[in-house]
Amino acid sequence: MKNIEICQHIENWYLKNKRELPWRSNPQPYEVWLAEIVFQQTRISQGMGHYLQLLERFPNVEILSKATEDDVLKCWEGLGYYTRARNLRKGAIYIAQLGDFPKTYDDWLAVPGVGPYTAGVISSVCFRQKVPVVDGNVMRVLSRMFLISSDIRIVKTQQIFRNIASDLVQSAIHPGNFNQGMMELGALICKPKNPDCAACPLSEFCELYITGENPGDFPYKSSAKEKTNRYFHFFFASNANGLLLKRREASDIWNGLYVLPFYEGEKLPFDAPEYLMEKSTHILTHQKIHYYIWDVVNWDAVPQNLIDDCEIFSRDVDFPAMPRPLQLFIKKYLHIK
DNA sequence: AACCCGGGGCC
DNA sequence: GGCCCAGGGTT
């Protein structure tokens, strides 16, 4: 049967060609869970330093469950999508409360921050459950193998791929190796551009390869919404006592992180700042942030409500987690770390 | 179902 | 400087 052959090809290819990663040699739930949260929307090279630091700082789920949110965010600083860090901690508290790691797909789904993808990876890799795993890599591989043109920006499209992957994984020897193999194939061979079909273990089953269709057409993805522009004027307040920072609490970007006191708006409605230390843009998925960092001379002219709720952080200890642009600015001007 | 959340690499 | 990537939670 064809599915059995596909699984054999993928599993054998994976065992020969997989990248050696810390959590892969002897996959345990804590390490795999942590890795999957860190590497959502994040390349291995980009997140490896953070993963290793998190594991060193929080070597097991009990220790992580007792960490403060600020501590976890500090380890996450610069990685982006900070909701993952807050949910990681919530997940640890949830698991510690259970007393043991969940062992099934359904039970993992109940863990904060764990959705179908992460639950699928952990339950198939650590507990050999025959459940499908569908991420962007898998959708790319399957859309090409079966010439599926559904728009992957539509969430419902994932169900089409989940059904196919679920059918395939039933024929696997080790479902975890099959699932990881499909993702690894997408990352290393069946790349978005210039896929290496000559090296692909599935080319004989691939309709795109057989028909000579253009890899660039699969998967299909509708164009994104235009980014909205936002303007932030930050005020740099640093003296011998320390640095003035404010924790963001709104349901908005950088929630839970600390920022310099700021005014949001294209033009400042007052003229206190004396000179501009930095002016740049920072691109997020849905927003283009235009930011200005001012060295304020006349603080009397700065509206008090912009300073309310600020805290002073001594320069002698680590600052709390800040968004990337401010983290880099602070490093540049205070010569820390 | 639509929308929101970061940051780095590549061209 | 613009484009690409893409899981989970919230609304």
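For the numbers below, each heavy atom of this structure counts, side chains included, while hydrogens, waters and symmetry mates do not. So you know, we letter chains A, B, ... as the sequences are listed, proteins then strands, and number each from 1. In this text, all values refer to a predicted model and were calculated from it rather than measured experimentally.
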Pair T104(A)-Q129(A), side-chain donor/acceptor within less than 3.5 Å: no

Touch class at under 4.0 angstrom, heavy-atom based, for E36(A) against every strand present: nothing

Nearest-Å distance for atom pair CD1/C1', residues I253(A) and dT10(C): 17 Å

Salt-bridge contact E5(A)-K2(A) (side-chain N to carboxylate O under 4.0 Å): no

Contact interval (first through last nucleotide) of DNA chain B with protein chain A, 4.0 Å heavy-atom: dA1(B) to dG8(B)

Aromatic plane relationship, F234(A) with F232(A) - under 30° parallel, 30 to 60° tilted, over 60° perpendicular: parallel

Side chains of Y220(A) and T157(A), donor plus acceptor under 3.5 Å: no

Atom pair distance, as rounded to whole Å: CG in L109(A) and P in dG9(C): 9 Å

dG7(C) and dC10(B), which share atom name C1', separated by this distance in whole Å: 23 Å

Gap separating the CG atom of L168(A) from the CZ atom of F178(A), nearest 0.5 angstrom: 4.5 Å

W294(A) and H233(A) aromatic ring geometry - parallel, tilted or perpendicular at 30°/60° bounds: parallel

Any protein N or O atoms within reach of nucleotides 2-6 of chain C? Criterion: under 3.5 Å, listing atom names and distances.
| residue | atom | partner | partner atom | Å |
| --- | --- | --- | --- | --- |
| dA6(C) | N7 | K221(A) | NZ | 2.7 |

Ion pair check, D71(A) and R57(A), cut-off under 4.0 Å: yes

Pair E264(A) + R230(A), salt bridge at N-O below 4.0 Å: yes

Inter-nucleotide P distance (dG6(B), dT10(C)), Å rounded: 14 Å

Atom-to-atom span, CZ of R84(A) to P of dG9(C) - whole angstrom: 13 Å

Closest-nucleotide 5' rank along DNA chain B - winner of I154(A) and Q46(A): I154(A)

Side chains of L73(A) and L257(A) in contact at under 4.5 Å (non-hydrogen atoms): yes

dA6(C) and dC11(B), which share atom name P, separated by this distance in whole Å: 16 Å

Sugar-phosphate only, base, or nothing, as touched by T118(A) at under 4.0 Å among non-hydrogen atoms: sugar-phosphate

